[in-house]
Every structure is written in C-alpha cells, then in structure tokens.
Amino acid sequence: MKLLVCISQTPDTTAKVSFNADGTEFNAAGVQFIMNPYDEWYALVRACELREALGGAVVALNVGPASNETTIRKALAIGADEAVRINAEPKSAAYTAKQIAEYARNEKFDIIFLGKETIDYNGSEVGAMVAEYLDLPYISYASKLDLNGNVATLERDIEGGVEVLEVDLPFVVSAAKGMAEQRIPNMRGIMTARTKPLKEVQPVSFDEPVKAVRFTLPPAKAGVKLVEPDNMDELVRLLHEEAKVI
Amino acid sequence: MVLVFAESPRGNLKKAAFEAVTYGKKVAELLGTDCVALTLGTVKDAAELGRYGASRVLNAGDASFEKFDSQSHAAAIADVAKNNGASVVITSHTSTGKAVAGRLAIRLNAGLVSGVNSLPSVEGGALRLKKSVFSGKAIAEYEINSPVKIISLMGNAVKPEATGNPVSVENISVSTGAGRIRVKDVKTQEGRVPLPEAEIVVSAGRGMKGPEHWGIVEELAEILGATTACSRPVADSHWRPHHEHVGQTGIAIRPNLYIAIGISGAIQHLAGVNNSKVIVVVNKDPEAPFFKAADYGVVGDLFEVVPRLNEAFKKFKASN
C-alpha cells in the first residue's frame with residue numbers, strides 16, 4: 001500500500017488576519033502556522049491507520065519553502081514514513097495541483113489523500129485538479145473510507161446527507177470530519193520524525209491563469225443591538241422591519 | 001457564450017441550479033452574450049431553467065449521469081463547452097460543483113475561482129471576481145486571464161430570479177468516458193432544507209444543558225421554516241446528529257438569518273457561520289464572544305427567552 005498525503009501549511013485558526021498596505025500579500029508577522037486541520041486530523045491519520053493495518057508506506061507531500069519543515073516534521077511525528085517538499089511558494093491552487101500531479105505521476109500511489117479544503121483560501125480545488133491531471137477518480141468530502149483488497153468503500157458528504165460509493169484503487173480523496181480522529185504525536189513519534197527521510201524536489205514551471213489582485217478585510221460589524229429578554233416582540237419587529245430577513 | 005452546469009441531484013433541479021443560471025444570465029449580459037444551461041441525466045422540468053435566464057437548455061440524457069462521478073461529469077461539461085465555444089463555465093459551489101470545477105479548469109486549460117459570491121467586473125479580456133477567504137475573515141479579489149474562465153458560485157450569493165419563460169429542452173449527446181465510481185446508496189434527511197441551502201438556521205449549543213431540552217429549538221425552527229444546527233460540543237456529545245454540526249470542522253453556512261442559542265461563539269464556530277447575513281445571539285453570559293459577531297443580541301436565560309421568542313414569531317406569522 002503506497003499512500004500519498006498532501007499537507008498544506010496554513011495560519012492557525014485563531015490567527016489575526018491582516019495584509020500589507022496595498023492588500024496584495026498576507027501579513028505573516030506574528031502569525032502561528034499549523035498543518036491544515038483537515039489534512040492533519042483526517043487525511044493523514046486515516047492514511048496512517050491504513051498503513052498500520054495493511055503495510056506499505058505513507059508519504060507526506062508539501063509544496064512550500066524550507067520554513068515549512070517544522071510542519072512537515074509534525075506529519076512524520078504523527079506517523080508518515082517519509083516526506084517530500086516541493087521547493088516553491090504554493091502561489092495558487094492550480095500551481096500547487098500541478099506540482100503535486102507532476103511528482104505523483106510516476107510514483108504509482110494507491111491513494112492520494114488531501115483535506116477537504118484549506119482553512120486559508122477555502123478553495124477545495126486542488127484535489128479535483130490533481131485527479132484530472134492523473135486521470136483518476138476523485139471522491140471529495142469523504143467522511144469514511146474502508147478498504148477491502150483493491151476496492152474502497154467510501155461515504156461522501158453531500159447536501160443534507162451522505163452518498164455511499166465504491167471505487168477501485170487508485171484514486172484521489174479529500175477528507176472531511178469523521179474519516180479519522182485527531183492524533184497527538186507522542187514522544188517516540190517526535191524523536192523518530194527527526195531521522196525520517198525528507199526529500200526536496202524542485203518545482204516544474206507553470207503559467208498562472210489566475211492572479212490575486214487584492215485582499216481586504218470585511219466591513220466591521222456595526223456592533224450588536226441588544227434587545228431586552230422580556231421584549232421578544234421588539235426583536236421580531238427588528239428582524240422584520242430593519243434587517244428584513246423574515 | 002456563458003455555459004452553466006445546472007446540477008440536478010437525483011433528477012431534480014434545486015435552488016443551487018436556479019441561482020447558478022440567474023448568475024450566469026447576469027454574467028452573460030455583462031459580456032454581451034447568451035447564457036446556455038446544461039443538464040445531465042434525466043432531469044425533471046429542465047425547461048424551467050429558461051425562466052431563470054437560460055436562452056437555451058441542453059440536456060445530455062445518458063442514464064449513467066444519474067449517479068455522480070466527477071470524471072464523467074467534467075468530461076461531458078468540457079465537451080459541451082468546447083463544442084459551443086463557451087468563454088465562461090459556471091458551476092454551483094456544492095458537493096457536486098466543487099468536485100467538477102477543478103477538473104474543468106484542467107480540461108479546458110482555464111483559470112478557476114471557486115466559491116465566488118458576487119458578480120464579476122470585466123477588465124478587457126479578464127474577469128475579476130470576489131470570494132470570502134480565511135473562513136470569512138477576509139475578502140479576496142482574483143483576476144482570471146485565460147481565454148476560458150471557470151467560476152463556482154457560492155450558495156445564497158444571488159437570489160434566483162424567474163423573470164423569463166421556459167424554453168424547450170434540446171437533447172444532445174456527449175462523448176464521455178464511463179465513470180469509475182459506483183454509487184451504491186444515497187442517504188438524505190427528509191423534510192428540512194439542507195443546511196448549506198437554508199435561508200434561516202436555528203442553532204443551539206451547550207447552553208441547552210442536554211438533548212431533552214431541544215423541543216423549544218425545534219419549535220422555533222418549525223415556526224420559521226428553518227433548518228436546525230448545533231455547535232461542535234453538542235455533536236461530539238451525541239446530543240444532536242453530526243450532520244447538524246456547523247463550524248469550521250462541520251458545515252460552513254451562509255443563511256440570511258442565523259439564530260444562535262446558548263453558543264458561546266468560539267472562533268472555530270464563527271469560521272463556519274460568520275458569512276451569515278444577520279446573526280442573532282441568545283446567551284445568558286453578556287461576555288460571550290459571539291455577541292461581538294452578532295447583529296442582535298439577547299442577554300438572558302434561553303429557557304425563558306426562546307419560548308417568548310417562539311410566541312412572538314407565532315404572533316408575527318399569524319398577522320403577516
């Protein structure tokens with residue numbers, strides 16, 4: 001079983017989001033970076049569980065600069081066997097997908113895992129793009145993945161329910177809550193992570209069809225309007241006449 | 001022309017498709033061209049898409065499309081886009097659209113902006129589009145420069161406008177590979193509008209003290225025709241089913257009205273709901289962080305406030 005887990009580095013959920021003066025770049029000063037939670041909690045952990053049950057290897061892949069290696073080592077501490085870093089700024093989903101696909105093309109992975117989206121750019125684009133580059137089936141927002149020989153059974157979150165499906169290896173899957181439980185790396189994992197292989201690969205060139213023009217912060221809320229708890233008629237009136245939502 | 005993939009889960013066009021066609025019509029007007037809708041599989045009332053602005057409705061009726069496979073769907077949509085010279089392809093930003101849009105971008109050598117929430121501006125041959133990023137904490141504007149452009153449209157971003165007339169459906173055949181995914185079963189909640197589509201959501205948290213108290217929340221949802229949701233601790237304690245969990249790890253929603261009852265408003269919860277148009281918070285703790293993100297607040301005991309609110313809504317509904 002050869003499993004690839006694509007991990008992304010994102011600002012921590014609680015990070016204060018700000019941009020440079022002309023709104024073209026995220027302001028990273030003072031921001032704590034983490035492994036994208038969906039990649040870590042669900043994709044990586046499920047891949048490790050499958051490797052533990054069936055043997056093989058889990059490769060963690062990150063597209064990013066050398067400063068991402070702390071995040072990559074964490075993936076190794078959680079249980080990935082080896083890691084690859086494609087040495088480039090992940091400029092966009094399309095760029096990242098191209099790098100992942102070019103790396104994975106000749107590696108014959110049985111399953112390529114990603115998280116359902118990243119918590120920074122919220123695109124949910126990379127998985128579908130990688131699958132298309134590699135001509136593989138793609139199952140998005142999977143909350144369950146079981147393997148029986150060459151056949152996987154998955155549940156995929158859809159609007160108001162789940163879809164149950166089967167697919168043969170190999171395929172690309174994006175992981176959602178339910179696929180696995182978060183794992184905290186133990187001391188042994190952290191120690192062995194230091195000596196696990198971390199390979200650096202150079203990126204391929206890519207013509208960017210989309211560019212970010214500007215980032216802005218949403219307009220500040222006017223502030224909460226408090227209504228007395230014994231005057232719910234007033235709240236209903238405000239929702240009807242002022243907010244116009246009922 | 002602008003091609004809109006109007007998705008039809010289990011043969012039915014839903015709000016997402018009407019929104020996408022309404023949006024596609026407006027984009028087509030900006031570009032001085034037509035909006036054409038494409039449906040896949042056997043679809044009930046596809047002609048209705050004309051009322052939302054499609055000048056033509058194309059249907060590829062192959063029965064294999066009735067089970068979703070992003071690969072065969074994307075192949076078909078790309079085929080139609082190429083054959084008709086589409087300059088913009090629009091999908092909904094749903095479980096279907098998200099799985100298809102990225103594939104279309106590669107197939108059509110096109111730039112994609114996903115989860116767009118407003119109309120584009122036209123800059124020469126480029127389109128500029130806005131979307132919410134950092135889980136609602138920022139807005140990004142992107143420019144697509146490729147000849148073909150792909151847009152996936154966030155739910156509840158435009159209101160469906162049925163101002164036109166139905167058009168007759170043209171049956172077409174498309175070249176697609178057979179899908180490799182075998183859909184075995186689809187389990188959906190009956191009755192209520194799914195959370196990502198809901199216009200009003202009533203959500204409750206740990207302040208409810210236990211699952212046996214949910215009657216007042218259910219009643220409120222019933223009065224408003226709303227969908228019920230809950231916070232993560234509530235789902236994790238199995239007080240409510242997991243599919244009701246909204247927030248960062250759960251479902252991200254953007255209803256017109258979000259009523260949060262007994263939820264403190266941790267940042268992970270806000271990440272999934274802060275795109276709601278109007279937020280009402282009921283909490284007995286005036287220091288609850290949720291009040292900072294709310295439009296309207298009630299500081300009080302939810303077991304007293306919610307029944308009163310239900311009576312007030314009932315009175316309102318009876319007279320409106």
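Reminder, nothing fancy here: chain letters follow the sequence lines and each chain counts from 1.
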For this session: Measure Gln248(B) against the heavy atoms of chain A and call it side chain, backbone, both or neither at under 4.5 Å.
Result: both

For this session: Flag the one option from Asp157(A), Asn231(A), Asp230(A) with the top tally of heavy-atom pairs under 4.5 Å to chain B.
Result: Asp230(A)

Seminar exercise, completed: Of all heavy-atom pairs linking Ala99(B) and Ala128(A), the shortest is O-CB, 3.5 Å

Exercise. By a 4.5 Å heavy-atom criterion (distance strictly below it), what part of Val281(B) contacts chain A: side chain, backbone, both, or neither?
Worked result: neither

Seminar exercise, completed: Turns out that what part of Asp185(B) lies under 4.5 Å from chain A's heavy atoms comes down to both

For this session: Taking only Lys NZ, Arg NE, NH1 and NH2, and the carboxylate oxygens of Asp or Glu, determine whether Asp233(A) and Lys315(B) approach each other closer than 4.0 Å.
Result: yes

Problem set entry | Side chain Lys137(B), main chain Ala15(A), donor-acceptor under 3.5 Å | yes

For this session: Grab the two heavy atoms, one from Val245(A) and one from Ile200(B), that are nearest each other, plus how far apart they are.
Result: O-CD1, 4.2 Å

Exercise. Side chain, backbone, both or neither: which part of Phe171(A) has a non-hydrogen atom closer than 4.5 Å to chain B?
Worked result: neither

For this session: Give a yes or no on whether the backbone of Pro229(A) and the side-chain of Arg308(B) come within a donor-acceptor separation of less than 3.5 Å.
Result: yes

Exercise. Can you tell which of Ser124(A), Ala94(A), Ala97(A), Ala131(A) has the highest number of heavy-atom pairs within less than 4.5 Å of chain B?
Worked result: Ala131(A)

Problem set entry | Straight-line distance of Leu217(A) CG to Ile139(B) CD1, nearest 0.5 Å | 8.0 Å

Exercise. Is the backbone N or O of Leu165(A) less than 3.5 Å from a side-chain atom of Lys67(B), with the two atoms forming a donor-acceptor pair by type?
Worked result: no

For this session: Could you tell me which portion of Glu155(A) (side chain, backbone, both or neither) has an atom closer than 4.5 angstrom to a non-hydrogen atom of chain B?
Result: side chain

For this session: For the residue pair Glu125(A) and Ser114(B), confirm or rule out a side-chain donor-acceptor distance under 3.5 Å.
Result: yes

Exercise. Salt bridge or not for Asp135(A) and Arg103(B), using N-O below 4.0 Å?
Worked result: no

For this session: Using non-hydrogen atoms and a 4.5 Å limit, figure out which bit of Val172(A) sits close to chain B: side chain, backbone, both or neither.
Result: neither

Exercise. Using 30° and 60° as the class limits, which term best fits the ring planes of Phe19(A) and Phe134(B): parallel, tilted or perpendicular?
Worked result: perpendicular

Problem set entry | Residue that, paired with Tyr296(B), satisfies side-chain hydrogen bond (donor to acceptor under 3.5 Å, both in side chains) out of Glu242(A), Lys225(A), Glu234(A) | Glu242(A)

Exercise. Does any N or O in the side chain of Arg214(A) come within less than 3.5 Å of the main-chain N or O of Tyr142(B), such that one atom is a donor and the other an acceptor?
Worked result: no

Exercise. Quick one: what part of Ala212(A) sits under 4.5 Å from any heavy atom of chain B, side chain, backbone, both or neither?
Worked result: both

Exercise. Any side-chain donor-acceptor pair under 3.5 Å between Tyr141(A) and Lys98(B)?
Worked result: yes

Exercise. Between Arg180(B) and Asp168(A), does at least one N-O distance fall below 4.0 Å, as a salt bridge requires?
Worked result: no

For this session: Tell me, for Leu195(B) versus chain A, whether the close heavy atoms (under 4.5 Å) come from the side chain, the backbone, both or neither.
Result: neither

Problem set entry | Closest non-hydrogen atom pair, Ser132(B) against Asn122(A) | O-OD1, 4.2 Å

Problem set entry | Largest heavy-atom contact set with chain B, pairs under 4.5 Å, which of Lys116(A), Glu117(A), Lys244(A) | Lys116(A)

Exercise. Does any donor atom in the side chain of Glu159(A) or Thr94(B) lie under 3.5 Å from an acceptor atom in the other side chain?
Worked result: no

